[in-house]
Enquirer: 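Can you keep this structure in mind? I'll have questions shortly.
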Amino acid sequence: MIRFLTRRRGTTRADWTDWASWAYLALGVLVMFGPVIWLVLSSFKTQSALQEFPPSLWPMGPKQVVLQGTDRPLPVFAVPQLDGTIAERAMIRRVGIEGQFIDPADPDRRIQRARLANVTPVRELHFAFENFIEPLRQFNFARYLGNSLFVTIVATAITLLINAMCAFALSKYEFRGRNGIFLFIISTLMIPITVVLVPAFLIVTGLGLGNSLWGVILPPAATPTGVFLLRQYMLTIPDELMDAARMDHASEWRLFWRIILPLAAPALAVLAIFSVVWRWNDFLWPLVVLNRQENFTLQLGLAAFQGELQTQWHYLLAMTVITLLPVTLVFAFLQKYITTGIASSGMK
Amino acid sequence: MSRGPAALVSRAIDWPFEALQRALGAARMPYVFVAPNLLVFGIFVAAPMILNVWYAVTGGTQLMPGDRPFVGAANFAELLDCTNHFVVATCKQDRFWRAVGNTAWFVVFQVVGLVLISLVTALILNRRMPWRGFFRAVFFYPVLLSPVVVALIWKWILQPDGVLNAVVVANGGTRIPFLLDPSWAFIWTIVVSIWAHMGFYTLILLAGLQAIPSDLYEAAEMDGTAHVRVFWRITMPLLMPNMMVVLVLALIRAVQSFDEIFVLTGGGPGTATQYIVQFIYETAFANQTHILGLAAAASMLVGGVLLVLTLLQLAASAQAKRSEAKR
């Protein structure tokens with residue numbers, strides 16, 4: 001049993017521990033990705049398709065054909081033929097318990113009658129793209145999307161700038177109070193927002209930032225993790241570069257802006273990715289600060305929408321897919337930076 | 001110097017800072033650099049920390065600190081006021097105690113599950129195999145999803161007509177109201193929470209495993225040491241620092257669980273999945289009457305628990321390091 005958990009080195013022969021590992025990983029793929037894939041598949045289903053039980057895997061809808069001489073699409077049914085086979089026929093009219101069917105391939109042929117009890121509707125793949133368009137038009141989702149983008153972009157820019165400035169001072173200068181300041185910043189890691197919810201709300205309100213996106217952006221802009229990550233990286237940049245520039249009478253700001261900041265780009269990239277993900281996903285703090293609908297971020301909009309309109313799953317699922325899209329793109333393209341960032345700094 | 005709009009913008013950014021340097025001198029520039037960050041920390045983290053104490057010892061529903069009457073320890077007394085401390089229903093704030101109880105059980109199951117599953121996953125991902133990067137990414141993906149998205153994904157799966165119930169029915173069972181039954185809802189908040197966060201802890205443990213020098217394993221293999229011994233004598237001791245980090249973080253975050261669960265169950269059915277942060281949030285903001293003092297008092301108790309947890313774990317990890325050095 002334990003052998004299965006210890007690393008195997010050097011052996012080439014596959015034994016049962018390999019099979020067990022593969023089984024575990026296959027199950028992992030199913031459990032981790034499955035729910036998300038199920039969400040995406042479901043988001044393309046029409047409202048009526050979503051109410052089916054048991055649900056179909058793919059988004060299916062009734063198959064319809066448009067024929068000359070008919071004003072609207074005709075539903076297609078599987079109709080048993082005289083020779084015992086079953087063929088796809090379009091229904092042109094229903095009379096009581098019977099329907100009148102024609103062969104869509106040859107509309108001139110005569111009408112076949114069949115009892116409705118004997119026919120089944122034919123279904124085909126049908127993607128309900130209107131699920132994605134309607135909420136953006138009918139409800140405020142375009143607005144929420146804009147708010148989320150604004151918060152994410154502005155907050156990330158501010159976070160990068162002020163954290164980099166702070167990390168620069170802490171890593172490249174000797175000054176009174178430096179260690180105290182560093183300790184103070186690191187100790188704020190211990191004060192989660194949940195503990196200071198009430199007074200933080202008061203301060204934001206007192207500054208006139210209540211119910212504004214700036215009230216969401218500013219308080220978490222200075223992050224101890226960001227300062228720590230950038231400081232550790234900047235410590236590795238040799239000071240000689242700065243001394244050379246000082247000889248040329250460059251100002252301290254220029255040393256930061258022109259020399260250190262460009263060299264710290266890899267660490268800044270990691271922090272930028274983190275910040276984008278944090279801000280895009282943020283929920284509790286915006287929930288406290290924002291209480292007018294038009295200022296909601298996407299996350300708040302989604303949460304409110306699911307509370308109000310339990311039944312509108314077709315819109316809700318589509319908007320959830322839109323919400324997870326940016327993060328999924330970040331994941332697909334920048335996954336390596338995130339995993340190395342966490343592994344090297346040990347924080348999220 | 002290059003010309004053009006980019007250079008102009010860059011000069012415009014340089015100018016105020018260069019003016020500051022002329023005014024203050026180069027030696028004071030570090031303070032200018034740390035100022036914005038410290039300002040934000042001071043205003044939005046340190047000041048609230050102090051104000052929180054004032055809220056906790058004042059009463060009423062006024063938001064402005066000056067308008068709030070001083071009540072001393074009354075808020076704490078109200079939270080702790082029970083005629084029988086073993087029966088939740090006899091407490092004045094039974095909602096608080098229910099939340100505390102729920103959170104305690106949640107933390108126990110969630111943290112144990114989280115650490116065990118992350119450990120097993122990290123050990124498996126540490127084996128030599130093709131597509132390791134892909135599998136590592138698979139387990140990490142849910143970490144990036146927002147709590148609201150996580151909650152909605154699972155709400156859709158767990159609903160009475162959902163895909164999980166389709167599986168149950170297909171296997172001859174009857175539909176289970178997963179989120180409407182108190183025990184099931186509680187179990188699912190744990191499962192969903194582990195699902196959403198395990199990738200992060202797996203990554204930290206994996207980094208620890210990969211830092212273990214491979215010659216230790218080679219030496220053990222040459223000696224023909226049993227795998228059980230290798231695991232307990234090499235892997236686990238050397239992984240201990242990372243295990244401690246994982247344990248602290250998992251504990252601290254589990255105590256603060258809120259978002260996914262709030263959207264998934266809303267704390268229900270009844271109060272079955274109402275955890276402590278939801279109690280604080282609802283007491284302060286969601287109810288008709290904003291009982292800020294009570295919320296602040298509760299949040300100070302939570303802060304105290306978090307502090308104790310952190311110190312305990314730091315001590316434990318220092319202990320682990322010392323015993324390691326002895327060996």
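Fair warning: this is a prediction, and the values are worked out from it, not measured in the lab. Below, chain A is the first sequence line, B the second, and so on; all start at residue 1.
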Enquirer: Where does Phe139(B) contact chain A at under 4.5 Å (heavy atoms): side chain, backbone, both or neither?
Expert: both

Enquirer: List the steps and the verdict of side-chain hydrogen bond (donor to acceptor under 3.5 Å, both in side chains) for Asp14(B) and Ser251(A).
Expert: CA-CA 9 Å; Asp14(B) 289 351; Ser251(A) 65; over 6 Å; no

Enquirer: Pick whichever of Ile203(A), Val29(A), Leu300(A) has the most heavy-atom pairs under 4.5 Å with chain B.
Expert: Ile203(A)

Enquirer: Considering only heavy atoms and a distance below 4.5 Å, find which of Pro54(A), Ala200(A), Pro35(A) pairs most often with chain B.
Expert: Pro35(A)

Enquirer: Contact part of Leu164(B) toward chain A, heavy-atom cut-off under 4.5 Å: side chain, backbone, both or neither?
Expert: neither

Enquirer: Would you mind checking which part of Val149(B) comes under 4.5 Å of any heavy atom in chain A, side chain (CB onward), backbone (N, CA, C, O), both or neither?
Expert: both

Enquirer: Between Arg136(B) and chain A, with a heavy-atom cut-off of 4.5 Å, which part of the residue counts as in contact: side chain, backbone, both or neither?
Expert: side chain

Enquirer: Quick one: what part of Leu207(A) sits under 4.5 Å from any heavy atom of chain B, side chain, backbone, both or neither?
Expert: side chain

Enquirer: Please classify the contact of Pro16(B) with chain A as side chain, backbone, both or neither, using a heavy-atom distance under 4.5 Å.
Expert: neither

Enquirer: So what's closer than 4.5 Å to chain B heavy atoms on Thr328(A): side chain, backbone, both or neither?
Expert: both

Enquirer: In Å, rounded to the nearest 0.5 Å, how long is the span from CG of Leu287(A) to CH2 of Trp285(A)?
Expert: 11.0 Å

Enquirer: Tell me, for Arg178(A) versus chain B, whether the close heavy atoms (under 4.5 Å) come from the side chain, the backbone, both or neither.
Expert: neither

Enquirer: So what's closer than 4.5 Å to chain B heavy atoms on Phe168(A): side chain, backbone, both or neither?
Expert: side chain

Enquirer: Do any N or O atoms from the side chain of Asn52(B) and from the backbone of Val195(A) form a donor-acceptor pair under 3.5 angstrom?
Expert: yes

Enquirer: Side chain from CB out, backbone as N, CA, C, O: work out which of these in Leu125(B) comes under 4.5 Å of a heavy atom of chain A, or both, or neither.
Expert: side chain

Enquirer: Under a 4.5 Å heavy-atom cut-off, does chain A meet the side chain of Val163(B), its backbone, both or neither?
Expert: both

Enquirer: Chain B heavy atoms under 4.5 Å from Val31(A): which part of the residue, side chain, backbone, both or neither?
Expert: both

Enquirer: Could you tell me whether the side chain of Arg279(A) and the main chain of Ile217(A) form a donor-acceptor pair under 3.5 Å?
Expert: yes

Enquirer: Please flag which part of Ile13(B) lies under 4.5 Å from any non-hydrogen atom of chain A: side chain, backbone, both or neither.
Expert: both

Enquirer: Which atoms of Leu152(B) are under 4.5 Å from chain A, going by heavy atoms: the side chain, the backbone, both sets, or neither?
Expert: both

Enquirer: Does any N or O in the side chain of Ser148(A) come within less than 3.5 Å of the main-chain N or O of Leu298(A), such that one atom is a donor and the other an acceptor?
Expert: yes

Enquirer: How many angstroms lie between atom CG of Leu202(A) and atom CH2 of Trp54(B), to the nearest 0.5 angstrom?
Expert: 12.5 Å

Enquirer: Please examine the side chains of Leu51(B) and Pro65(B), heavy atoms only from C-beta on, and report whether any two atoms are closer than 4.5 Å.
Expert: yes

Enquirer: If every non-hydrogen atom of Ala298(B) is compared with every non-hydrogen atom of Ile280(B), which pair is closest and at what distance?
Expert: CB-CG1, 4.0 Å

Enquirer: Report which part of Ile158(A) has an atom under 4.5 Å of a heavy atom belonging to chain B: side chain, backbone, both, or neither.
Expert: neither

Enquirer: Just verifying a value: how many Å separate Ile117(B) CD1 and Tyr24(A) OH, rounded to the nearest 0.5 Å?
Expert: 6.0 Å

Enquirer: Side chain from CB out, backbone as N, CA, C, O: work out which of these in Tyr141(B) comes under 4.5 Å of a heavy atom of chain A, or both, or neither.
Expert: both

Enquirer: Tell me which of these, Leu284(A), Leu39(A), Val227(A), has more heavy-atom pairs under 4.5 Å with chain B than the rest.
Expert: Leu284(A)

Enquirer: When you compare the side chains of Asp282(A) and Thr297(A), does any donor N or O come within less than 3.5 Å of an acceptor on the partner?
Expert: no

Enquirer: Against chain B, label Val327(A) side chain, backbone, both or neither, depending on which of its atoms sit under 4.5 Å from a heavy atom there.
Expert: both

Enquirer: Given a strict heavy-atom distance threshold of 4.5 Å, which part of Phe175(A) is in contact with chain B: side chain, backbone, both, or neither?
Expert: both

Enquirer: Name the member of Pro219(A), Pro55(A), Ala169(A) that forms the most heavy-atom pairs with chain B at distances under 4.5 Å.
Expert: Pro219(A)

Enquirer: Which bit of Val32(B) is near chain A, if near means a heavy-atom gap under 4.5 Å: side chain, backbone, both or neither?
Expert: backbone

Enquirer: Restricting to non-hydrogen atoms, name the atom on Arg231(A) and the atom on Phe182(A) that form the minimum distance, rounded to 0.1 Å.
Expert: CD-CE1, 3.3 Å

Enquirer: For Ala27(B), is it the side chain, the backbone, both or neither that has a heavy atom under 4.5 Å from a heavy atom of chain A?
Expert: neither

Enquirer: Between Lys172(A) and Phe256(A), is there a donor-acceptor pair closer than 3.5 Å when you use the side chain of the first and the backbone of the second?
Expert: no

Enquirer: Would you mind checking which part of Arg132(B) comes under 4.5 Å of any heavy atom in chain A, side chain (CB onward), backbone (N, CA, C, O), both or neither?
Expert: neither

Enquirer: Less than 4.5 Å to any heavy atom of chain A: does that hold for the side chain of Met49(B), its backbone, both, or neither?
Expert: both

